[in-house]
Trainee: 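Before I ask anything, let me first share the structure, which is written out below as structure tokens.
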Amino acid sequence: MTIADPQILPQPVIKQLDEAAINRIAAGEVVERPAAAVKELVENAIDARATRIEIAIADGGKTLIRVTDDGCGISPDDLPLALSRHATSKIDGSDLLNIHSFGFRGEALPSLGAVGRLTITSRAPGADPATIHVAGGRMGPVKPAALSGGTVVELRDLFYATPARLKFLRSDRAENQAITDVIKRLAMAEPFITFVLRDTSGGEQRTTFRADAESGDLFDALYGRLRSVLGRDFAENALRLDTMRDGFHMTGYAALPTYSRGAAVTQFLFVNGRPVRDKMLLGALRAAYMDVLSRDRHPVAALFIDCDPELVDVNVHPAKSEVRFRDPGTVRGLIVSGLRHALAEHGHRAATTVATATLGAIQTAPEQPRVYQMDRPRFTAQSMTFQSGFSEHRSARVEPMPPEAPTEDVALPLGAARAQLHENYIVAQTETGMILVDAHAAHERLVYEKLKSQMAENGVAAQALLIPEIIELTDNDTALLLGNARDLARLGLTIEAFGGGAIAVRETPAILGEVNATRMIRDILDELSDQGDSQLLENRLHAILSRIACHGSVRTGRRMSAPEMNALLREMEATPKSGQCNHGRPTYVELKMTDIERLFGRT
């Protein structure tokens with residue numbers, strides 16, 4: 001390969017790009033797919049104080065996006081200005097941190113007009129309705145229009161001016177799903193606004209999403225909106241959150257661990273009402289459920305973080321989907337402690353969907369064709385043997401309770417033990433139905449919570465290294481670790497400055513046994529650098545305690561006496577998080593009498 005002589009290359013000339021090229025570049029950052037265009041237009045409608053927003057799309061938003069609102073509208077004189085870059089009514093430019101609206105850059109409308117065919121029709125109070133059209137960056141004149149109020153923004157043929165971008169779009173179905181996801185997030189953020197999404201592809205019109213405006217106070221409205229968007233099951237199994245710390249306020253709802261998902265697709269985070277996808281916030285949500293969910297399960301939550309706009313920078317991403325907090329550690333701590341407190345407060349509660357799944361798994365006897373008496377086989381004493389399917393195998397044996405078993409326990413939440421099945425499952429009777437308890441899983445959680453409590457009260461025993469391990473680090477990494485030395489010492493890891501950018505590890509947690517201190521320190525450093533906080537060491541300690549709890553709990557195959565079973569039920573009622581084992585599986589199933597009667601057709 002020959003390299004050209006730089007001496008004979010032409011001198012680069014700096015040129016000022018024209019407005020159309022600038023807008024197309026801006027559109028590439030702001031509008032990467034139809035869902036992003038929908039997001040920008042709906043957020044504009046929200047900022048215009050709309051109470052009803054209707055969205056119509058066709059072909060996944062590629063050929064049509066129309067957003068109609070009943071907001072404050074735009075006067076005819078301001079329509080051309082609305083299509084100019086960096087023109088906005090939401091800020092004056094003096095303070096980019098004191099932002100109270102969704103939009104503030106003034107980029108969305110001119111960017112959309114640069115890559116598609118954009119028409120805005122609007123009417124402000126006291127003004128005549130007017131319309132303006134822009135296609136490929138070329139703006140037409142303002143013309144009179146017919147409109148009773150509000151604004152209609154119609155975007156056709158998205159990316160017609162940059163056809164190469166169309167090749168990167170996904171199927172209509174995938175783009176429709178992305179648009180629906182955007183509308184659902186905005187609907188959760190604004191429960192007092194009605195949202196209607198319609199698909200007009202193929203000349204037909206069908207409503208694909210609708211959320212009517214809620215009433216009442218903020219919590220009632222939010223609960224109603226989440227029930228509408230995420231479903232009744234989420235609403236019935238969600239814990240209310242309302243906690244504050246150092247100027248940050250967290251509200252919202254988070255689901256019980258037993259109501260979890262196989263993927264992190266139902267985690268919704270909002271900062272000052274703005275939907276965001278923030279890695280630090282998602283990490284804090286995951287950490288809060290750390291010891292009640294297995295690695296392959298994910299929590300379901302809608303969390304709202306509110307604070308003074310000066311404490312958070314929303315101007316760090318072109319799509320405004322990420323934020324940067326002035327004190328990320330405080331926010332992370334608020335989420336983790338707030339969620340853990342809410343989970344502990346609800347004690348032994350388990351998701352209602354567990355019972356539904358149980359009922360669905362029960363196979364009732366299939367209906368048999370009618371058999372007339374003449375066709376029935378003759379019964380003899382020899383043929384009258386049990387054919388019910390019950391085996392005499394020991395593991396299927398039922399241990400009935402003695403007559404002296406307590407009956408007043410029936411009124412307690414988990415009832416009174418009546419039998420033990422397969423030397424593991426406890427059957428208890430309640431006033432309204434029955435409880436089936438996995439004794440091993442329940443006892444495992446009880447032992448685990450006791451061990452954690454003991455560790456919190458007495459600290460973590462440390463083992464001194466015969467020869468301190470010296471680890472060479474950069475000055476910044478050393479300062480970061482030493483700044484967290486007190487928290488690490490509480491967990492049994494003692495470090496000291498060794499000079500020259502190095503640290504000395506003098507003690508490690510005794511419960512971990514022999515550890516690779518260098519690898520542990522570097523893993524902790526990675527977490528501190530990435531999230532501003534490290535849960536790695538605490539997580540490892542909890543994993544060891546969980547393992548100990550598993551080996552120290554009631555084993556399957558052991559027969560329990562009636563007092564032992566009732567004692568286990570009473571301890572479950574008094575222990576936080578006992579509704580699920582250490583891996584997030586339910587420890588008990590509750591069936592109401594109505595459920596049982598339905599199984600036998602008695603309703």
Side-chain angles (χ1 to χ4, degrees), residues 15-34 36-48 50 53 55-58 61-69 71-93 101-166 318-320:
K15 301 176 182 178
Q16 177 69 53
L17 294 175
D18 60 37
E19 192 70 17
I22 292 172
N23 284 340
R24 285 196 291 271
I25 292 171
E29 294 180 333
V30 177
V31 187
E32 76 278 8
R33 64 190 304 188
V38 171
K39 172 180 175 292
E40 296 291 342
L41 295 179
V42 174
E43 286 181 350
N44 279 348
I46 295 172
D47 286 339
I53 302 173
I55 307 98
I57 60 173
K62 300 168 190 173
T63 60
L64 171 68
I65 297 172
R66 184 191 302 118
V67 176
T68 305
D69 70 65
C72 62
I74 306 171
S75 67
D77 293 340
D78 284 343
L79 281 176
L81 191 58
L83 292 170
S84 303
R85 292 188 74 236
H86 307 311
T88 179
S89 62
K90 299 161 188 178
I91 61 171
D92 60 10
S101 57
F102 280 108
F104 56 87
R105 295 196 187 115
E107 288 183 317
L109 292 178
S111 296
L112 294 174
V115 295
R117 308 179 198 276
L118 183 70
T119 302
I120 304 176
T121 305
S122 189
R123 183 174 191 174
D128 294 328
T131 186
I132 190 169
H133 180 74
V134 58
R138 294 186 178 89
M139 189 187 307
V142 177
K143 297 180 180 180
L147 189 68
S148 59
T151 302
V152 179
V153 181
E154 186 173 277
L155 177 65
R156 291 189 176 271
D157 303 327
L158 182 62
F159 298 133
Y160 95 96
T162 54
R165 296 294 299 275
L166 291 170
K320 299 174 290 227

Trainee: Could you report the tightest heavy-atom contact between Arg123 and Pro129, atom names first, then the distance?
Mentor: NE-CD, 3.6 Å

Trainee: Measure the spacing between CE of Met139 and CG of Leu118 and express it to the nearest 0.5 Å.
Mentor: 9.5 Å

Trainee: Between the main-chain N or O of Ile120 and the side-chain N or O of His133, is there a donor-acceptor pair closer than 3.5 Å?
Mentor: no

Trainee: What are the two closest heavy atoms between Ile132 and Gly140, and how far apart are they?
Mentor: CG1-O, 3.6 Å

Trainee: Please name the pair of heavy atoms, one in Gly61 and one in Leu158, separated by the smallest distance, quoted to 0.1 Å.
Mentor: O-CB, 4.2 Å

Trainee: Quick one: closest heavy-atom pair of Arg66 and Glu154, and the distance?
Mentor: NE-OE1, 3.0 Å

Trainee: What pair of heavy atoms forms the shortest contact from Thr63 to Ala58, and how long is it?
Mentor: OG1-O, 3.2 Å

Trainee: Rounded to the nearest 0.5 Å, what separation is found between the NZ atom of Lys62 and the CZ atom of Arg33?
Mentor: 10.0 Å

Trainee: Report yes if some heavy atom in the side chain of Asn44 is under 4.5 Å from a heavy atom in the side chain of Val153; otherwise report no.
Mentor: no

Trainee: Would you say Pro34 and Ile65 make side-chain contact, with heavy atoms under 4.5 Å?
Mentor: yes

Trainee: If only atom types and distance count, is the side chain of Ser122 paired as donor or acceptor with the main-chain N or O of Gly150 below 3.5 Å?
Mentor: yes

Trainee: If you look at every heavy atom in Leu155 and Gly116, which pair is closest and at what distance?
Mentor: CD1-CA, 4.1 Å

Trainee: Please identify which of these residues, Asp69, Thr131, Leu147, meets the side chain to side chain contact (heavy atoms under 4.5 Å, CB included) condition with Val152.
Mentor: Leu147

Trainee: Calculate, to the nearest 0.5 Å, the distance between atoms CG and CG belonging to Asp78 and Leu83 respectively.
Mentor: 11.0 Å

